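Labels below follow one simple rule: chain letters A, B, ... track the order of the sequence lines, proteins then strands, and each chain is numbered from 1. Please read these numbers as outputs of a predicted model, since none were measured by experiment.
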There are 2 protein chains.
Amino acid sequence: MSQRNAGTSVQVADPDTCRVREVLDRVAGKWSVQILVAASRGPIRFTELERGIEGISRRMLTLTLRNLERDGLVTRTVYPTVPPKVEYGLTPVALELHETLRRLTDWAERNRGYVARARAAYDAEHQPELLDA
Amino acid sequence: MSQRNAGTSVQVADPDTCRVREVLDRVAGKWSVQILVAASRGPIRFTELERGIEGISRRMLTLTLRNLERDGLVTRTVYPTVPPKVEYGLTPVALELHETLRRLTDWAERNRGYVARARAAYDAEHQPELLDA
DNA sequence: CTGGATCCCAAGCGATACTG
DNA sequence: CAGTATCGCTTGGGATCCAG
């Protein structure tokens, strides 16, 4: 998905692995998941998201929101008031995904230490001299 | 993770959302999941992976494999025979993740049509003229 | 308040060629 | 067989400024 056919034919493997990539692409963005999580607690406004996520740029918030909306995962409600007001929420489909993401997070929590140790061990094993350049 | 502090301080939100990103980064690569899936069916050789995934470059296979190994998700066994032989497998931790990924895939399967229709509708609604440039 | 437009750097990834 | 090295295109994403 990240690249539109580099000229010469590029077989896309079997349909099975394709589906896997599709779902991940939908959530692969740097901010998608955090937005999904933040919006799962009910309707939330643009600025609330912006401040709640802290570190996200206005640009990326907008872009990610648009993509999620495009995929039917996020709802966007505009109140044509004098200072514009927009509320975002999750669609039922996105709520299902949210539950799934929680399982992923669980895995991360459980194995966070393991992975960190694995990394440290691997790095120590391979390039100990590059650490203090 | 994809960028090392753009100069001015960048707060990293609360630890909660950080963990989410961490796990996703571990799987976000274009090929990580397919490798994880392929390797979950028992020890598999480099060339088998290369041909089984079809579309992956040798370079990316190596890189992704290294990263997964570094994170303690993939095991690498070298047989110092005359033609080198290397077998890859999953660690128990990775096997847990594989189960989780299956759930994600399930979600994708169920809602694949929904998302596709949502996209089409959104695109038709917003820029119908840019479709046949 | 909620974005859109532009600029630009850095990371991701592919192509290709070389090697123990 | 199983990589490593180099190159360059493409994309992601931050900064900044403009606008309804």
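Residues forming a salt bridge (Lys or Arg N to Asp or Glu O under 4.0 Å) with Arg110(A) (at least two apart in sequence, or on another chain): Glu96(B). Contacts of Tyr114(B) classified as ring pair (Phe, Tyr, Trp, His ring centres under 6.0 Å), with partners at least two apart in sequence or in another chain: none. Remark: Arg70(A) pairs with Asp123(B) by the salt bridge (Lys or Arg N to Asp or Glu O under 4.0 Å) rule, at least two apart or across chains. Legend: residues meeting side chain to side chain donor-acceptor pair (under 3.5 Å) with Glu50(A), ordered by chain and number and at least two apart, are Arg58(A). Every residue was checked against the salt bridge (Lys or Arg N to Asp or Glu O under 4.0 Å) condition with Glu48(A), not counting sequence neighbours, and none meets it.
Applying the 4.0 Å criterion to OP1 and OP2 of dG14(D), one finds that Lys30(A) has a side-chain N or O inside that range. Applying the 4.0 Å criterion to OP1 and OP2 of dA2(D), one finds that Arg45(B) has a side-chain N or O inside that range. Look at Tyr88(A) and you'll find a side-chain N or O under 4.0 angstrom from OP1 or OP2 of dG3(C).
Rounded to whole angstrom, the span from the CG atom of Asp25(A) across to the P atom of dT10(D) amounts to 19 Å. Between the P atom of dC9(C) and the CZ atom of Arg59(A) lies a distance of 15 Å, rounded to the nearest Å. In this structure, Met60(B) places its CE atom 17 Å from P of dT16(C), rounding to the nearest Å. Between the CD atom of Glu50(A) and the P atom of dG4(C) there is a distance of 13 Å, rounded to whole Å. Counting to the nearest Å, the C1' atom of dG13(D) and the CD1 atom of Ile53(A) are 14 Å from each other.
Distances from the side chain of Phe46(B) to the nucleotides dA5(C), dA2(D), dC13(C) place dA2(D) closest. In the set dC13(C), dG14(D), dA2(D), dA2(D) carries the atom at the smallest distance from any side-chain atom of Arg58(B).
Minimum heavy-atom separation, Arg119(A) to Asp71(B): NE-OD1, 2.6 Å.
DNA chain D is contacted by Thr62(B), Arg66(B), Arg76(B), Pro84(B), Lys85(B) of residues 61-85 of chain B, taking any non-hydrogen atom closer than 4.0 Å.
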